[in-house]
Amino acid sequence: MRARIAVLGGDGIGPEVAREGAAALRAVAARFGHEFELTEALVGGAAIDATGAPLPPETLALCRASAAILFGAIGGPRWGPAAPVRPEQGLLALRKELGLFANLRPVTVDPRLAHASPLKAELLVGVDLVVVRELTGGIYFGEKRRTETTAFDACTYSVEEVERVVRVAGRLARGRRRKITSVDKANVLETSRLWRAVAERVVRAEFPDCTLEHQLVDSCAMQLVRRPADFDVVVTENMFGDILTDEASVLAGSIGLLPSASLGAGTLGLYEPIHGSAPDIAGQGVADPYGTIMSVAMLLRHSLGLEAEARAVEAAVGAAIGAGVLTPDLGGTARTAEAGAAVAEAVRRSRV
Ligand code: IPM
Ligand code: MG
C-alpha cells in the first residue's frame, strides 16, 4: 500500500520519540512491502518560534492531505500559560479542524513491567482497559473570558456530540468484554446529566449486548487504582478523560508507555503518546519511545487497516521489553535510539 503520513514531532522529547515512531513505520514498510511517504511539519512551540503560529496553515494542509498523522508532543516552559500564543492551541486546533472527536487510550499492564508501577502487583493482574475520551467538545472548547477579577470557561455538550462518542465506545466494547463504564459528574453538572441520559439511551438501544455502568468521576478516579482490572471500556468527556488517563498510566508503570488514537468520522487519525513534552529530559536521548511506537501500531490498524502490521509492531515492542531494552522511566539504562532500534529490528525480523 502507498500512504502519506504526516510526522509532527513538536517540542521537548516530541521529536525524539517521533523519530523512533517513524523508524518503526519504515521498518514496517520494508518488512511488508508498503510505501509510506513520511513528511515532517512544524507544530506547537517549534512552529510558534518559526512562524508565529502554533498550527501553521501548511501543517494543517499537509495533515488534511495525509492518511494519518504521527504526533510527538508539544509545550514547554518557553511558552508558558501566560504567553499570548501557546503550543497547546496548535494541538487543540488540529483535533478540532480535523474533527477528531474520539480519543482512544488503551491501558494494559505487561507483567514484566509491573515492578515499574507504584501500585501493588496483585492489583495489576489482568488490567486491560481503554478510555474513550471525547476530544473536541466540553470545557476545552467552550467560550473563554477573562477580566481583571474573574475568569470564565464554558462547558457545553450537544446530544449529537455525546451520541457519536458513545457509539465509538459501544463498537469497541463489542470487540472486547462488552462492558461500558460511562463517567460523569451528574450530581453537579448539567452537561453530565445530559451525558448520562444520552449514554443510557444509546447503549440500551444500539448496544443491548453490552452492559453499561455509570460512575461519578471522583469515584472512578479511586476505582481506577483500587480495582483497575474491572474496567473494560470507559467513555467520558474531554477534561475527565484527560485527567483519568494520566492517572491510569500509573497502572502501566510509566506514562511513556501509553499510546493514543484520535479518530473522527473517516479513517484519518492522529496518533500520539499520551505523555507531554517532558522538558526536564528533552535533548538527553533518554525518553521512552514505546508509547509513540504503540501509537504507530494504532495508526496502522485504524487509519490504514493493516492489522497484521499493527500486531507485528506490538509484538516487536513486547520483544524489546522482553529483551530488557528499557529506558530509565522503566528502571533501565537504554537510550531512546536503542529502544527504537530494537523495535525496528524486531519488526524487520517478524514472521507474522
Ligand atoms: C493530552 C494533553 C493535552 C490535553 C494538552 C497538551 C493540551 O494533556 O493530550 O492529554 O489536555 O488534551
Ligand atoms: Mg493530558
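The figures here come from the full heavy-atom set of this structure, side chains too, leaving out hydrogens, waters and symmetry mates. Just follow the structure's listing: the first ligand is 1, and inside any ligand the first atom is 1.
Residue side and main chain included, Asp246 places no N/O/S atom under 2.8 Å of the Mg ion (ligand 2).
Checking Trp79 against Asp49 by side-chain atom types alone, a donor-acceptor pair falls below 3.5 Å. Using modelled atom types, one finds a donor on one side chain and an acceptor on the other under 3.5 Å when comparing Ser254 with Asp329.
Residue contacts with ligand 1: Arg86 is excluded, as none of its non-hydrogen atoms falls under 4.0 Å.
Nearest to the Mg ion (ligand 2), among the N, O or S atoms that Asp242 has, is OD1.
Among protein heavy atoms, the minimum distance from atom 10 (O) of ligand 1 is reached at Asp242 OD1, 2.9 Å. Counting protein heavy atoms only, atom 11 (O) of ligand 1 is closest to Tyr140 OH, 2.6 Å.
In this structure, Leu194 CG and Tyr157 OH are separated by 10.5 Å, a value rounded to the nearest 0.5 Å.
Residue contacts with ligand 1 for His275 are absent, since no atom lies close enough (heavy atoms, distance under 4.0 Å).
Proximity to Arg105 (heavy-atom distance under 4.0 Å) selects the following atoms of ligand 1: 1 (C), 9 (O), 10 (O).
A cation-pi arrangement is absent between Arg133 and Phe240, since the terminal nitrogen or guanidinium carbon is not both under 6.0 Å from the aromatic centre and inside a 45° cone about the axis. Cation-pi contact between Arg95 and Phe71: absent, since separation from the ring centre below 6.0 Å together with deviation from the ring axis within 45° is not met.
Nearest residue to atom 9 (O) of ligand 1 from Gln89, Arg95, Glu88 is Arg95 (criterion: closest heavy atom).
Between the side chain of Arg86 and the backbone N or O of Ala83, at least one donor-acceptor pair lies under 3.5 Å.
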